Amino acid sequence: MFENSLEFAKKCDALDALSSFRNKFHLPKNTNGEAFVYLCGNSLGLQPKTTSSYLEQELKDWATLGVEGHTDAAHPWLPYHEFLTENMAKIVGAKPSEVVVMNGLTTNLHLMMVSFYRPTSTKYKIIIESDAFPSDKYAVESQLKFHGHNSEDALILWKPRKGEELCRFEDLEKIMEEQGDHVALLMIGSTNYYSGQAFPLKKITDLGHRYGCMVGFDLAHGAGNIQPNLHETGADFAVWCTYKYLNSGPGSLGGCFVHERHADDKEMNRFAGWWGHNKETRFNMRHEFDALIGAEGWQLSNPPILSMAAIRASLDIFSDAGFENIRKKSVKLTGFLEYLIDELKDHRIRIITPRNPQERGCQLSIQVKSADKTLHTKLTEAGVISDWREPDVVRVAPAPLYNSFEDMYYFAERLKKILN
Ligand SMILES: *Cc1c(COP(=O)(O)O)cnc(C)c1O
């Protein structure tokens with residue numbers, strides 16, 4: 001299916017229906033003006049060329065309208081978050097009422113746990129995957145502590161078996177068989193940031209619900225990468241950020257999903273703010289809190305419009321390209337990268353990411369035996385922006401909107417040169 005040559009890579013680019021999208025992004029360049037092979041979209045996505053005009057529109061409306069911009073701006077600020085909802089809902093496979101853009105990812109995770117982690121004296125444990133992203137682990141541990149529990153007793157890690165890097169679903173089933181009656185919440189990161197493993201979200205949700213647990217996902221590495229089909233999974237909640245695969249700029253706002261079965265549960269515990277209050281009466285200012293129906297009811301503050309403008313710019317590109325097309329290209333692009341790495345036939349190299357495209361997103365985590373961080377430095381010097389994770393893993397994440405098949409070829413060629 002693939003061939004190991006620059007000509008073949010060029011042919012794939014020529015046949016690629018999405019190849020013109022690369023030109024819609026600013027590609028970082030070295031001091032000689034040569035574009036880097038940028039494989040770090042899993043950490044910070046690149047800037048769309050349209051982002052600045054979306055931001056300038058808001059700056060201009062603010063300059064000319066002042067406070068009137070809330071209602072009179074080209075895109076009025078009062079309902080601005082609503083302009084993002086439909087496109088964002090498509091990207092995560094949810095109904096629009098189930099999705100809202102707000103806050104940072106970790107803030108949203110805490111807000112969701114306030115509502116969906118409701119421990120009792122016997123059912124209070126939380127399961128996370130063992131190599132969870134540190135912020136997720138800190139958030140979960142601090143929630144446990146807040147409720148008077150400690151991690152030693154109440155935090156269960158879903159671990160890979162000894163000598164393996166990936167988590168097996170049957171091991172999660174086993175944990176639930178043994179301790180499910182004491183588990184209140186499963187909070188799993190998908191796709192895993194380190195291994196690139198995409199977990200079976202629906203199976204995990206069904207398993208959790210069978211034992212009466214709440215189930216939530218962190219899609220920081222999933223949103224804009226895989227199609228999580230959140231509504232169909234039946235998960236209770238999910239959170240994600242928009243600065244990785246969703247190209248919305250450093251520290252940009254996060255996304256939040258609340259399944260529609262919880263949409264009008266106004267009695268549910270939640271930390272509230274005025275932006276989650278009924279829009280009709282929000283500015284009467286003297287009413288009791290009246291939560292909006294759906295995910296919007298979890299909003300706290302009036303949101304930063306400049307950040308939302310950047311998200312809108314990016315989502316418009318996703319909408320133009322169509323997420324199914326993006327994912328289709330992604331599977332081929334990462335498949336080509338995998339093929340080229342295998343072609344190096346270097347016994348020191350092992351791809352720890354699952355081989356099955358259904359079980360991964362675009363990222364490959366490449367373990368290089370007895371390598372250290374100088375490998376990463378050399379890759380950077382050779383014009384490749386990648387990511388290093390101790391002790392010996394290079395993570396590369398070809399983003400289908402702006403990475404080319406040629407990029408894959410150059411990466412493999414430069415890696416080979418460095419390893420020799
Ligand atoms: C990137 C990432 C975060 C970062 O959290 P912020 O609140 O956006 O700083 C958290 N969790 C996971 C799994 C991530 O990949």
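Numbering of ligands and ligand atoms starts at 1, following listing order. This structure is a prediction, so every number in the text was calculated from the model and none was measured. For the single chain, residues carry numbers from 1 onward in sequence order.
Between Tyr193 and ligand 1, a contact under 3.5 Å exists for no N or O pair. When only interatomic distances are considered, the shortest N/O to N/O separation between Lys244 and ligand 1 falls below 3.5 Å.
Residue contacts with ligand 1, taken as heavy atom pairs separated by less than 4.0 Å, involve Thr106 via backbone and side-chain atoms alike. Residue-level proximity to ligand 1 for Asp218 is carried by the side chain, the only part with a heavy atom below 4.0 angstrom.
Within the structure, salt bridge (charged side-chain N to carboxylate O under 4.0 Å, His left out) pairs that include any residue of residues 196-211 comprise Lys202-Asp206 (at least two apart or interchain).
Annotation for ligand 1: atoms under 4.0 Å from non-hydrogen atoms of His221 are 15 (O). Taking every heavy atom of Ala220 and a limit of under 4.0 angstrom, the matching atoms of ligand 1 come to 2 (C), 12 (C), 13 (C), 14 (C), 15 (O).
Protein heavy atom at the shortest distance from atom 11 (N) of ligand 1 is Asp136 OD1, 2.7 Å. Looking only at protein heavy atoms, the nearest one to atom 12 (C) of ligand 1 is Phe133 CG, 3.3 Å. Distance from atom 9 (O) of ligand 1 to its nearest protein heavy atom, with residue and atom name: Tyr243 OH, 3.6 Å.
Ring geometry, Phe116 versus Phe237: the interplanar angle falls under 30°, so the pair is classed parallel (tilted spans 30 to 60°). Ring orientation note: the planes of Phe83 and Tyr80 are nearly perpendicular, at an angle over 60° on the 30°/60° scale.
Under a cut-off of 6.0 angstrom, the local environment of CZ in Phe289 is crowded, with over 12 non-hydrogen atoms contributed by other residues, nucleotides or ligands.
Within the 4.5 Å cutoff, side-chain heavy atoms of Tyr193 are placed close to those of Asp131.
Figure legend: cation-pi geometry between Arg270 and Trp298, with NZ or CZ positioned under 6.0 Å from the six-membered ring centre and within 45° of its axis.
When each of Ile366, Ile351, Val396 is paired with Leu337, the side chain to side chain contact (heavy atoms under 4.5 Å, CB included) condition holds for Val396 and for no other.
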